[in-house]
> 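The structure that follows is given in the form of structure tokens.
Just so you know, residue 1 is the first one in the sequence shown, and it goes up from there.
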Amino acid sequence: MTSPANEPTSATEQVVRRHAAQLGELATHHGIHDLRFASAGRLLGRVDPDRDMLDMAAFAADAEDLLGASVSLLSDAVLGKANVSLDLVHATAL
């Protein structure tokens with residue numbers, strides 16, 4: 001069991017925006033475009049049709065290494081789901 005002190009912190013908007021250029025480069029490398037900040041630790045992006053969940057996971061791992069904080073990437077596809085979280089609906093461009 002891990003203690004709260006050992007749990008990774010989520011990437012804040014300030015940290016994400018400070019590294020926006022590098023995140024954009026990483027995203028492009030993984031076939032992800034239109035990267036947006038949704039909330040702490042949550043990014044939203046458009047994933048190229050020839051890419052998959054492994055590309056999204058690889059981007060998230062690279063982003064976590066860059067930021068030193070946890071990051072989840074969600075695809076624009078979630079916006080079409082019922083009861084989508086408002087932070088995703090209102091995500092802002094990096």
> Mark yes or no for whether Glu64, through its side chain, and Val71, through its backbone, hold a donor-acceptor pair below 3.5 Å.
yes
> In Å and rounded to the nearest 0.5 Å, what is the OG1 to CZ distance from Thr92 to Arg17?
4.0 Å
> Supply the atom-to-atom distance Ile32 CD1 to Leu43 CG, rounded to the nearest 0.5 angstrom.
9.5 Å
> So which atom in Ala91 and which in Arg36 form the shortest heavy-atom distance, rounded to 0.1 Å?
CB-CB, 3.7 Å
> Over all heavy atoms of both residues, which pair between Leu73 and Leu44 is shortest? Give the atoms and the distance, please.
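Scanning both residues completely, I find the closest heavy atoms to be CD1-C, 4.1 Å.
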> May I ask you to decide if Leu54's main-chain N or O and Asp52's side chain share a donor-acceptor pair within less than 3.5 Å?
yes
> Would you compute the distance between atom CZ of Arg46 and atom CG of Leu79 and round it to the nearest 0.5 angstrom?
9.0 Å
> Can you give me the closest heavy-atom contact between Leu67 and Ala11, atom names plus distance?
CD1-CB, 3.8 Å
> Locate the shortest heavy-atom distance separating Leu94 from Leu23; write the atom from each residue and the value.
CD1-CD1, 4.2 Å
> List the atom of Ser10, the atom of Ala69, and the distance in Å for their closest heavy-atom pair.
C-CB, 3.8 Å
> Take atom NE2 in His29; do more than 12 heavy atoms of anything else shown fall under 6.0 Å from it?
no
> Residues in side chain to side chain contact (heavy atoms under 4.5 Å, CB included) with Glu25, at least two apart?
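By the side chain to side chain contact (heavy atoms under 4.5 Å, CB included) rule, Glu25 matches no residue at all.
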> Applying side chain to side chain contact (heavy atoms under 4.5 Å, CB included), can you list everything that pairs with Asp87, at least two apart in sequence or on another chain?
Ala38, Ser39, Arg42, Ser85
> Treat each ILVMFWY residue as a node, draw an edge where side-chain heavy atoms are under 4.5 Å apart, and state whether Leu88 and Phe59 are in one component.
no
> So how far is it from Asp55 CG to His30 NE2, rounded to the nearest 0.5 Å?
7.5 Å
> To the nearest 0.5 Å, how far apart are NE2 in His90 and CZ in Phe37?
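Between atom NE2 of His90 and atom CZ of Phe37 there are 14.5 Å.
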> Search all heavy atoms of Leu35 against all heavy atoms of Ala27 and return the closest pair with its distance.
CD2-CB, 4.1 Å
> Hey, could you give me the CZ/CG distance between Arg18 and Leu66, rounded to the nearest 0.5 Å?
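Atom-to-atom, Arg18:CZ and Leu66:CG are 10.5 Å apart.
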> With Ser75, which residues qualify under side chain to side chain contact (heavy atoms under 4.5 Å, CB included), at least two apart?
Val47, Met56, Ala77
